[in-house]
Protein chains: 2
Amino acid sequence: MSTIKDIARVAGVSVATVSRVVNNDPKVKEKTKLKVTKVMLDLNYTPNANARALVTQKNTTIGVIIPSLTDPFFASLANGVEQVARQQSMQLLLSTGLVSAESERQAINLLRERRCDVMVVHSKKLTDDELIALSEQIPGLVLIDRHIEQISHRCVWLDNLEGGKIAARHLLALNHQKFASISSKYQIEDPGLRLEGFTRELTGAGFAIDKELIEYGEPNLQGGEIATQHLLSSGKTFSALFVYNDAMAIGAISTLEDNGYRVPQDISVIGFDDVLLSRYSRPKLSTLNYPIEEMAQQAANLAIELTKERKAAKDEYKVESKTHKYVPRLVKRESTSLCNEN
Amino acid sequence: MSTIKDIARVAGVSVATVSRVVNNDPKVKEKTKLKVTKVMLDLNYTPNANARALVTQKNTTIGVIIPSLTDPFFASLANGVEQVARQQSMQLLLSTGLVSAESERQAINLLRERRCDVMVVHSKKLTDDELIALSEQIPGLVLIDRHIEQISHRCVWLDNLEGGKIAARHLLALNHQKFASISSKYQIEDPGLRLEGFTRELTGAGFAIDKELIEYGEPNLQGGEIATQHLLSSGKTFSALFVYNDAMAIGAISTLEDNGYRVPQDISVIGFDDVLLSRYSRPKLSTLNYPIEEMAQQAANLAIELTKERKAAKDEYKVESKTHKYVPRLVKRESTSLCNEN
DNA sequence: TTGAAAGCGATACCAG
DNA sequence: CTGGTATCGCTTTCAA
């Protein structure tokens, strides 16, 4: 691979001049520019981005850390960041497969080694304290899908509590009175908040959800199926089912129908996330839209903004107090309908 | 951000020594090692990967170029590469949003600038010739999902023709005689090959497919719905439908059922790809498994292998004549069954 | 308009 | 075991 020196030598100019034409410096004579350009083409020259980054102390990489790519939800998240990257002529450095605090920590560290100072991180395992400490060292670190009060202005998150409430209000408005819910067995924040919002709103309306009608399972199709079987075998009846996410909801519907219940005529089912799947299922799933791609874009832009600010005003603490909270939007499709039992 | 010099100064040693402890060189005295390590922690030191790459001429990045991340198929591809990257302690540089030959070319070039010499590329727009030329310059370039004879050993691809044949054999074995097919309107290679394999096998068995029973549409749910309407309105009957991909197949099923046809009792439907979706649909979709994740892993490993080989034997042309062809596997689920018409 | 030279932050060879 | 130093490929003053 030819270097700037090779070009300089062959073209009979100094490296400084070559550098200038590479960077489009207007004060190179047109003639030399042409000459140099030709040699670059001949030798198939490509500037070395590493060397460049080293001297300019600038980095055109934006890092993304997510648990997995196969989950469409995270794929959308990555996609949102990618769009911003493209728009800003930056590139995506992606890290997945996070399972432990240690692996999350390591992923962040790898990004730091590359001096990638803009990063969008989806962390569920690291503690608030560690994240706060990290964010002090990394000005361009933005958390997505998580809210930490002390660094609120660097978090882009969804109001899961409100999402649960919205679901409850929707079912309540449809006249439902007997509720069940399927949640995720994983004790990350989201499932708890969604369920809490849901039950809280029910309580406010004078209803309650039987504890035996709350099941926990793997947050996927099969988990939804199994949880639903448990629900059914409890012997208790319900006309409305609030499920942690769309995949589980689709699994639930499938099991309900296998057991002779029609959705939504007999039982209304509402999911969460509004992934592609929910539009493909039959009946089409009513759910809460989680605008993850938009949020990811926002997060990426925010991260870029933060690094710029840092440069502009080194030690001047400019505490952005803006909050980046999103509220899920109800998407009414076919799996919920008026309750005809009461 | 502190540098190796800072550490050396504070610890009272030379940069060489610091470098040694960073790289775990066994011949540093335990005591100095401890001292240096402490300072590194104190100053929150992180080695600069760019500087490192510059001097070692080694790069721990593996590049992936795909059209999009939102498409689960490509997400799986990226995921496969990521797994290999992780396993080799490398990192993923991802580029998406390819729409034209120019953008594909640019994406590859950005990877080159970063001296990322291992790359897995999914290119549909660049010509064979350009790709061949490129692969001569980039030893670690591997093409996925595309086959170019001259650089066959650097292509990891699926035999779409054979896939079509397998589908045909499956339907034939189920006693079907009247066929229809939905293909993609986009004139990339795959749809043509799949359909050709399908019809060729039918012909071999003494059957044919009515040209009016071949529809083309957008390769998504809606495209499948629309194409199916066209098929139905032709007035011609058929008992088996071969669809370009799973999304279209699910759209097709939906339309068929809306029109009073039962799947598979009245009409058998078979898709292609075996994406997650096909397991969620009802009836569960019979389809051809496209082991894209496995293929992506293979491609990534191959790319790494190629760069190593290059290093081992510079000019010695070691033409790997191995071929990396995959054949799709029939996944029989619920959407195809014995024809009861004949 | 161009060139010489001083780094950027690390590695690795050669001495000692 | 440790230190000095040339070097990687490029950008960026400072002079000419």
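Of the charged side-chain nitrogens involved, none lies within less than 4.0 Å of a carboxylate oxygen, so that B:Lys124 and B:Glu104 do not count as a salt-bridged pair. Salt bridge annotation for A:Lys58-A:Asp117: absent, with no cationic side-chain nitrogen under 4.0 angstrom from a carboxylate oxygen. We find that B:Lys125 and B:Glu102 are not joined by a salt bridge, their nearest charged nitrogen and carboxylate oxygen being 4.0 Å or further apart.
Phosphate proximity of C:dG9 to A:Gln57: present, with a side-chain N or O under 4.0 Å from OP1 or OP2.
Remark: B:Tyr45 engages no residue in a ring-ring contact (aromatic ring centres under 6.0 Å, His included) (not counting sequence neighbours). For B:Asp128, the side-chain hydrogen bond (donor to acceptor under 3.5 Å, both in side chains) partners two or more places apart in sequence, or in a different chain, are B:Arg146.
Side-chain contact between A:Leu134 and A:Leu126 is present, with at least one heavy-atom pair separated by less than 4.5 Å.
For DNA chain D, the outermost nucleotides in 5' to 3' order that have an atom under 4.0 Å from a heavy atom of chain A are D:dC8 to D:dT13.
Not one N or O on the side chain of B:His324 forms a donor-acceptor pair closer than 3.5 Å with the backbone of B:Arg154. A donor-acceptor pair is defined here as one N or O able to donate and one able to accept, closer than 3.5 Å; such a pair exists between the side chain of B:Ser76 and the backbone of B:Pro72. No donor-acceptor pair under 3.5 Å is formed between the side chain of A:Ser19 and the backbone N or O of A:Val15.
For the pair A:Val81 and A:Ile62, the tightest heavy-atom approach, listed with the atom from each and the gap, is CG1-CD1, 3.6 Å. When all heavy atoms are compared, the tightest approach of B:Val121 to B:Leu141 is CG2-CD1, 3.3 Å.
The nearest whole Å value for the distance from the CD1 atom in B:Ile4 to the P atom in C:dG7 is 18 Å. Between B:Ile7 atom CD1 and C:dT11 atom P the separation is 12 Å, expressed in whole Å. For the pair A:Lys27 NZ and C:dT1 P, the computed distance is 10 Å after rounding to whole Å.
Residues of residues 29-54 of chain B that place a heavy atom closer than 4.0 Å to DNA chain D, in numerical order, are B:Lys29, B:Thr32, B:Leu54.
Summary for the helix from C:dT1-D:dA16 to C:dG16-D:dC1: the axes at its two ends, each from 5 pairs, differ by 40° when rounded to the nearest 10 degrees.
No engagement by A:Val22 is indicated, since no non-hydrogen atom pair under 4.0 Å with the nucleic acid exists.
The distance between the ring centers of A:Tyr290 and A:Tyr326 does not fall below 6.0 angstrom.
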Collect all protein-nucleotide pairs involving nucleotides 12-14 of chain C in which both atoms are nitrogen or oxygen and the distance is under 3.5 Å.
none

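Using the six-membered ring where Trp is involved, B:His122 and B:Phe74 have ring planes that are perpendicular, over 60° apart on the 30 and 60° scheme.
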